[in-house]
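Below is a structure I'd like to ask you about.
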Amino acid sequence: MVTLLNTIDDPIARDICRDHGDAPDALLEILHSVQNRHGYLTDGALRTIAYSLNISRAEIHGVVSFYHDYKREAGAKVTLKICRAEACQAVGANALISEAESAFGTKLGAAAKDIALEAAYCLGNCALGPAVLIGDELYGRVDITKLRSLAASQSEGAKT
Ligand code: FES
């Protein structure tokens, strides 16, 4: 099978590029939007973005590999980003991380089943720590009970 280097084979990525006026300056926003829709950045999405924005695939790969938030493979259904910057540490973020690792059977920076745990460094919610980011939703004063509940509801939502 022959794969053309510049093709539009991801209609979702094409629509997102069009929504941003096919502007190369919007590359980061486009990558975030495409990843939010697919869960990760597929080869087809990157080809489509390169073609739509008229930039090289090498440029896109440079950007994608530079930022940790971009994923090239399917990961856990739900990623819990727990803030471990100073203000959140002062109100129990490290204890929350330990409890989350036990509760979900994984470690920070890893994933188990449907849940991945990641560290964040200040989510801009310092007065309401410990802060947790799930997708685009920010939560404050999160304890392990609330985190379990959020993870369960997000996992249910991801199945539908
Ligand atoms: S230190 Fe956690 S949100 Fe700012």
Side-chain angles (χ1 to χ4, degrees), residues 1-89 93 97 100-101 104 106-126 128-140 142 147 150-151 153-160:
M1 183 173 132
V2 175
T3 301
L4 298 175
L5 292 179
N6 287 325
T7 59
I8 296 176
D9 49 9
D10 186 330
I12 290 173
R14 180 67 197 111
D15 288 346
I16 290 170
C17 289
R18 191 175 292 125
D19 290 346
H20 286 82
D22 292 329
D25 290 350
L27 177 60
L28 296 181
E29 292 89 350
I30 290 169
L31 290 169
H32 277 295
S33 295
V34 171
Q35 182 166 283
N36 283 343
R37 292 289 297 276
H38 292 308
Y40 67 106
L41 297 168
T42 66
D43 288 341
L46 296 184
R47 278 194 300 273
T48 301
I49 294 168
Y51 180 82
S52 299
L53 304 186
N54 195 26
I55 58 179
S56 74
R57 291 179 63 199
E59 286 178 76
I60 292 183
H61 280 288
V63 171
V64 169
S65 61
F66 182 79
Y67 293 101
H68 293 272
D69 274 354
Y70 295 128
K71 301 192 181 343
R72 294 286 285 124
E73 297 177 351
K77 287 182 184 166
V78 179
T79 299
L80 308 174
K81 293 186 178 181
I82 303 173
C83 178
R84 63 182 326 189
E86 290 176 7
C88 286
Q89 277 192 35
I97 289 168
E101 288 176 335
F104 300 115
T106 187
K107 293 286 182 191
L108 200 65
K113 297 180 186 168
D114 294 346
I115 305 291
L117 296 177
E118 291 184 4
Y121 295 91
C122 195
L123 297 167
N125 198 30
C126 312
L128 296 174
V132 172
L133 184 69
I134 306 174
D136 293 331
E137 295 293 323
L138 181 61
Y139 301 91
V142 178
L147 192 62
L150 289 169
S153 64
Q154 294 289 322
S155 286
E156 275 305 309
K159 288 178 186 172
T160 58

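Only a predicted model underlies this, so the values are computations on that prediction, with no experimental measurement involved. Counting from 1, the numbers follow the sequence of the chain as shown.
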Sequence neighbours excluded, the answer for side chain to side chain donor-acceptor pair (under 3.5 Å) partners of E86 is none

Residue set satisfying side-chain contact (heavy atoms from CB on, under 4.5 Å) with A119, at least two apart, ordered chain then number -> R84, L108, Y121

By ring-ring contact (aromatic ring centres under 6.0 Å, His included), H38 pairs with (sequence neighbours left out) none

Interatomic distance, CG@L138 vs CG@L128, rounded to 0.5 Å, equals 8.5 Å

- Message: When you measure from the side chain of E137 to the backbone of I134, do you find a donor-acceptor pair of N or O atoms at a distance under 3.5 Å?
- Response: no

Residues at least two apart in sequence or cross-chain that pass side-chain contact (heavy atoms from CB on, under 4.5 Å) with C88, listed by chain then number, are C83, A93, A131

So salt bridge (Lys or Arg N to Asp or Glu O under 4.0 Å) across residues 34-45, not counting sequence neighbours, yields D43-R72

Heavy atoms of P24 and L53 approach each other most closely as CG-O, 3.5 Å

One should read off an interatomic distance between D19 CG and D15 CG, to the nearest 0.5 angstrom, of 6.5 Å

Inset, instruction - Take D114 and V78, measure what side chain to side chain contact (heavy atoms under 4.5 Å, CB included) needs, and give me the verdict at the end. - result: CA-CA 6 Å; D114 294 346; V78 179; 5.6 Å; no

Hits for side-chain contact (heavy atoms from CB on, under 4.5 Å) against E29, two or more places apart or cross-chain, chain-then-number order -> H20, A26

Between the CG atom in N36 and the CD1 atom in I16, the distance rounded to the nearest 0.5 Å is 8.5 Å

Whether T48 side chain and D10 backbone form a donor-acceptor pair below 3.5 Å: yes

side-chain contact (heavy atoms from CB on, under 4.5 Å) filter on T79, not counting sequence neighbours, yields K81, A116, E118

Closest heavy-atom pair, Y139 versus Q154, reported as atoms and distance to 0.1 Å, is OH-NE2, 3.8 Å

Contacts of R14 meeting salt bridge (charged side-chain N to carboxylate O under 4.0 Å, His left out) (sequence neighbours excluded), chain-then-number -> D22

